[in-house]
Amino acid sequence: MYMHKTFRRFAAIIMTLVMAFSLAACGNSNSDSDAQTDITPSTEEVADAAEGTESQALTEEETEIMETTGNNVFPEAVDVSSIESALPGRVEVSGTDFVVNGETIYMNGVNTPWDNWNDFGGSYYEGFWSQHFAELAENGINATRIWITCDGTVGMIIDDDGYVEGATTQFWSNLDSLFTTAQENGIYIMATLMSFDHFKETNSTYETWRDMVQDEEKIESYVDNFVIPFVERYDGFDSLWSIDLCNEPDWIHENAEDGQLAWDDICNLFAHEAAAIHENSDVLVTVGFGMVKYNSDSYEGNYGSDEYLQSLYDNADAYLDFYSTHFYEWEAEWFGFPFDKTPTDFLLDGTKPCVIGEFPASGFDGSVKNSVEMSGSECYVNAYENGWNGAFAWTSNGVDSCGSLSDFADGANEVAAMQQE
């Protein structure tokens, strides 16, 4: 385990509270515009948040502990037994199905990637999440995908050489609140730990993240000091049903601005993470590939297959539990349209449960070759009827131009009703 050497101080909470970021294009990268939300913190709440951040700063004693043990310093852990849970139990995999207590469950999901860009350890506002989770549950939604770190610049502690030292106490405290609130409202969370945004050259810390991925010892620091503490802390929460290791690693491999790193380097990280998660928890693991071509042997190769991951890291626990392919309309010309196909017809291998991890909430206009005109609500119904194990619209809270809950609520409610039949 990497021993801690330095502790980074992050920008004051007031700055992060007034600066939020959203995607420039559907499900792609961040811009300077504010994320849309129905709840705006009051002046008093902003002041309270700032005061809370000051109290959560590491003491000299805590910093010394980190420097000498290499371990995170956590706030007091949440007693899961004291939470009045609205969830039926833990999600598991049985064959190509998700099950809870032996009964098949369909992940009638959404993406609520952030309220404000880099919520956790930054401008987290519990009021938004509490109200939004309740609204999702009222509309038949049982799961959402949330970006735990958006670009690695807030909450995470990584040194200039690419060694990950852990995360801030505020980061952990915010996540305690998130998973508790989700559990109380009956919402399962797919926790996305990383995005291609970490590696983008406009990101102030991009070089450190690229260094980390390409060095075995630095990968171990990320796994030992962040991934394992994360799953050990939240394994007792049924609300943490899965971990998405990275949002759209395709662009880390393809785009010059994101480093054009080799798949072997990117997926070596995934293999080490997956093994550590399986060895330390019951949480399910996936990767949110942006294109099916990297998740299928029918194209470039399945970079999420057991065989490939274990060829990089010789460990039987280095595997994904399910596939979570993303789809936007421009892809139809090259890979077809998933909402009128089964997962195997869409050329996934049929060995694991399959969800559509992102698609535009507003649906498709059919203007692209091989695409089909289809509303967001119709996408939900068609994914269910064609044998997918879940569908997650981008987004429920309208962070960009791809739509929001109102665009697909009717379909989500219809699917929820069909599950009860």
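Residue numbers start at 1 and run along the sequence shown.
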Asks: Please round to the nearest 0.5 Å and tell me the distance separating atom CG of D215 and atom CD1 of I219.
Replies: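 Rounded to the nearest 0.5 Å, the CG-CD1 separation comes out at 7.5 Å.
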
Asks: Going from CZ on F270 to CG on L193, what distance comes out if it is rounded to the nearest 0.5 angstrom?
Replies: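 Rounded to the nearest 0.5 Å, the CZ-CG separation comes out at 10.5 Å.
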
Asks: Do you know the tightest heavy-atom contact between T395 and F408?
Replies: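 That would be O-CE2, 3.9 Å.
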
Asks: Are more than 12 heavy atoms from other residues, nucleotides or ligands located less than 6.0 Å from atom CD of E216?
Replies: yes

Asks: F171 pairs by side chain to side chain contact (heavy atoms under 4.5 Å, CB included) with which of T169, L175, N174?
Replies: L175

Asks: Measuring only between side-chain heavy atoms, which start at C-beta, is D235 closer than 4.5 Å to V283?
Replies: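 They are in contact (side-chain heavy atoms under 4.5 Å apart), so the answer is yes.
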
Asks: Do F335 and S296 come within less than 4.5 Å of each other through their side chains, counting heavy atoms only?
Replies: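 No. Closest side-chain heavy atoms not under 4.5 Å.
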
Asks: Any side-chain heavy atom of E126 within less than 4.5 Å of one from T181?
Replies: yes

Asks: Out of H272, H278, E279, which residue meets the side-chain hydrogen bond (donor to acceptor under 3.5 Å, both in side chains) rule with N315?
Replies: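 With N315 as partner, side-chain hydrogen bond (donor to acceptor under 3.5 Å, both in side chains) holds for just one option, E279.
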
Asks: Could you tell me the separation between the CG atom of L269 and the CH2 atom of W209, rounded to the nearest 0.5 Å?
Replies: 9.5 Å

Asks: What residue among D297, N302, D264 forms side-chain hydrogen bond (donor to acceptor under 3.5 Å, both in side chains) with Y308?
Replies: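 Per the side-chain hydrogen bond (donor to acceptor under 3.5 Å, both in side chains) rule, the option paired with Y308 is D264, out of D297, N302, D264.
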
Asks: Would you please name every residue forming a salt bridge (charged side-chain N to carboxylate O under 4.0 Å, His left out) with R210, sequence neighbours left out?
Replies: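 So R210 forms no salt bridge (charged side-chain N to carboxylate O under 4.0 Å, His left out) with any residue.
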
Asks: Would you call D176 and R233 a salt bridge, taking side-chain N to carboxylate O under 4.0 Å as the test?
Replies: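 Here D176 pairs with R233 in a salt bridge, since their nearest N and O are under 4.0 Å apart.
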
Asks: Name the residue from V287, D244, N295, L284 that meets the side chain to side chain contact (heavy atoms under 4.5 Å, CB included) definition with L320.
Replies: V287

Asks: State whether E331 and K293 are salt-bridged, where the test is any N-O pair (Lys NZ or Arg NE/NH1/NH2 against Asp/Glu carboxylate O) under 4.0 Å.
Replies: no

Asks: Are any non-hydrogen side-chain atoms of T96 and K352 less than 4.5 angstrom apart?
Replies: no

Asks: Taking atom CH2 of W334 as the centre, report whether more than 12 heavy atoms of other residues, nucleotides or ligands fall under 6.0 Å from it.
Replies: no

Asks: Aromatic contact between W172 and F74, with the criterion being ring centroids under 6.0 Å apart: yes or no?
Replies: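 That pair passes the under 6.0 Å test.
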
Asks: Within the 4.5 Å heavy-atom criterion, are F230 and I277 side-chain neighbours or not?
Replies: no

Asks: Regarding W114 and N397, is there a side-chain donor-to-acceptor distance under 3.5 Å anywhere?
Replies: no

Asks: Identify, with sequence neighbours excluded, every residue that meets ring pair (Phe, Tyr, Trp, His ring centres under 6.0 Å) alongside F98.
Replies: W241, F322

